[in-house]
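See structure below.
Numbers restart at 1 for each chain; the letters A, B, ... are given by sequence-line order, proteins then strands. All values below were derived from every heavy atom in this structure, side-chain atoms included, with hydrogens, water molecules and symmetry-related copies excluded.
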Number of protein chains: 2
Amino acid sequence: MKEGPDIARVAALLGDPARANMLTALMSGRALTATELAQEAGVTPQTASSHLAKLEAGQIVTPRKQGRHRYFTLSGPDIVEALEVLMGIANRVGHNRVRTGPKDPELRKARVCYDHLAGDMGVALFDGLAKRKLIASDLNGVALTPAGIDFASEFGIDLDGLRAKRRPLCRECLDWSARQSHLAGSFGAALLDRFYDLGWARRVTDSRIVRFSNAGEKSFRDLINP
Amino acid sequence: MKEGPDIARVAALLGDPARANMLTALMSGRALTATELAQEAGVTPQTASSHLAKLEAGQIVTPRKQGRHRYFTLSGPDIVEALEVLMGIANRVGHNRVRTGPKDPELRKARVCYDHLAGDMGVALFDGLAKRKLIASDLNGVALTPAGIDFASEFGIDLDGLRAKRRPLCRECLDWSARQSHLAGSFGAALLDRFYDLGWARRVTDSRIVRFSNAGEKSFRDLINP
DNA sequence: TCAATGCTTCGATTAGCATCGAACTATGAA
DNA sequence: TTCATAGTTCGATGCTAATCGAAGCATTGA
């Protein structure tokens, strides 16, 4: 009938509430089992199975069999990007769920959102970088300032390497718990990696929690509030 | 129920074939009337009206009243980006419509796809830049090489200005007629703008056709095949 | 005023699909 | 082998939403 790639097929796959919930859960970057995804989506395992079959057929998720579990992950960075963009639009047009966010105080404080820092410290990072004028945000989104570009190389981040990827460098991502923006995109992810490398923080296994050491948190505070 | 922005609402709006066709048509950047969009989508005006009401309520499109017509445009650059990303995914997973592309030979040769160059010359531009190693594409997508960055400034393109926008610099976009990649993203758009400024080409009014002058086409050939 | 065009609202029909209960397969543990 | 857990398939149900015909506004032009 019409020309071009079939957007509708892909978008329809993301457009069901149950499936969207599953995919959102997978944005944590962790591989989740079918049952876990069923719980995340609030549906029965049968229903989840049917949804997962569709997502798999559409190459939105990739399954990996391990013992009697099937672990699912998002099938590529383009899926992450699509979800991030859609989140941004949903945020802009005010389609937000009423929800307070995670209960666990450690989760509220610092956790990973796919591959970047979220939670109170994620928001603090965004605000801190903005206050130091290393990033600037306007109607069109957020971007590194010239000062921010200098900062990145001083801080040990290879911007040219990041630019080689398809993902945009900077993106705002609405924080589920704090309801404010934190920094996503490949630069946001690189910052968190750098925190790991510097020993400031580490990821708690089997959880989205990011735990800063005392010294690491101090350095972090100095970074955002010099 | 769940946390976060409501992806599903937005994605569902893009996930209907009729609506997706309308939105794809609007990627040309031109404002289209309700009846035109109905034709593009292959539905009756009544059905189109109902779809447009939903898209308007979801702030995906913006109407502008003029006389007895209602002109619709995409409501922001984030919508364009979402459509581009979804096209990329649909392309990757092989969800393409079977269709040869536009019939008009001039359309096949050079036209705008939203705001960048498409058609045979769009594909030639992509290939030429790749052959000159000004852009490099891999699994993750396409990006400017260091040589490409130098080229851009020599050619009069303000990369820092482009980076300040939310849109990614480079993106592959599957060409509807040639079935090969051409260059989208803010850099792709800037290149086309530069062609206009240099007098190489101009846009035919009320059409997506881009018409190169003889001298312009020669310069274009020299550019991509030095 | 009348007619034509652009677009929307109403109502009825239809089709697709999300959902779940129940039964089935597969892996692992006792 | 037997039991338990993880996951899928099947079938039935019910809801939502896309679709279009017909009628209703609104704007423009004669």
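Applying the 6.0 Å contact sphere to CG of A:D197 captures more than 12 heavy atoms from other residues, nucleotides or ligands.
A donor-acceptor contact shorter than 3.5 Å links the side chain of A:S75 to the backbone of A:Q59. Listed for the B:R9 side chain is no donor-acceptor partner under 3.5 Å among the backbone atoms of B:G58.
The CG-P distance, from A:L52 to C:dC17, rounds to 17 Å in whole Å. The distance between atom CD of B:E56 and atom C1' of C:dT9, rounded to the nearest whole Å, is 15 Å. In this entry the distance linking CG of A:L14 with C1' of C:dA18 reads 16 Å, nearest Å. Atom C1' of nucleotide D:dT8 and atom CG of A:L37 are separated by 15 Å, given to the nearest angstrom. Between the CG atom of A:N21 and the C1' atom of C:dA18 there is a distance of 14 Å, given to the nearest Å. A:L55 has its CG atom 14 Å from the P atom of C:dC17, to the nearest Å. Straight-line distance from the NE2 atom of B:H69 to the P atom of C:dT8: 12 Å, rounded to whole Å.
The existence of a salt bridge linking A:E217 and A:R211 is excluded, since no basic side-chain nitrogen approaches an acidic carboxylate oxygen closer than 4.0 Å. Electrostatic pairing of A:R70 and A:E36 does not count as a salt bridge here, judged by no charged N lying under 4.0 Å from a carboxylate O.
Within the 4.5 Å cutoff, side-chain heavy atoms of B:R19 are placed close to those of B:L55. Proximity of A:V80 to A:E84: side-chain heavy atoms (C-beta onward) are separated by under 4.5 Å at one or more points.
In this structure, B:R70 does not reach the D:dA26 phosphate: none of its side-chain N or O atoms is under 4.0 Å from OP1 or OP2.
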Is there any protein nitrogen or oxygen under 3.5 Å from a nitrogen or oxygen in nucleotides 15-18 of chain D, and what are the pairs?
| unit_1 | atom_1 | unit_2 | atom_2 | d |
| --- | --- | --- | --- | --- |
| D:dA18 | OP1 | B:R19 | NH1 | 3.3 |
| D:dA18 | OP1 | B:R19 | NH2 | 3.0 |
| D:dA18 | OP2 | B:K54 | NZ | 2.5 |

What are the atom names and distances for every N/O pair under 3.5 Å that joins the protein to nucleotides 22-30 of chain C?
| unit_1 | atom_1 | unit_2 | atom_2 | d |
| --- | --- | --- | --- | --- |
| C:dT27 | O2 | A:R68 | NH1 | 3.2 |

Quick one: do B:D120 and B:R108 satisfy salt bridge (Lys or Arg N to Asp or Glu O under 4.0 Å)? Show the steps, please. CA-CA 6 Å; B:D120 293 337; B:R108 297 188 74 99; 5.5 Å; no
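Screening A:L74, A:L26, A:T24 for a side-chain contact (heavy atoms from CB on, under 4.5 Å) involving A:L83 leaves a single residue, A:L74.
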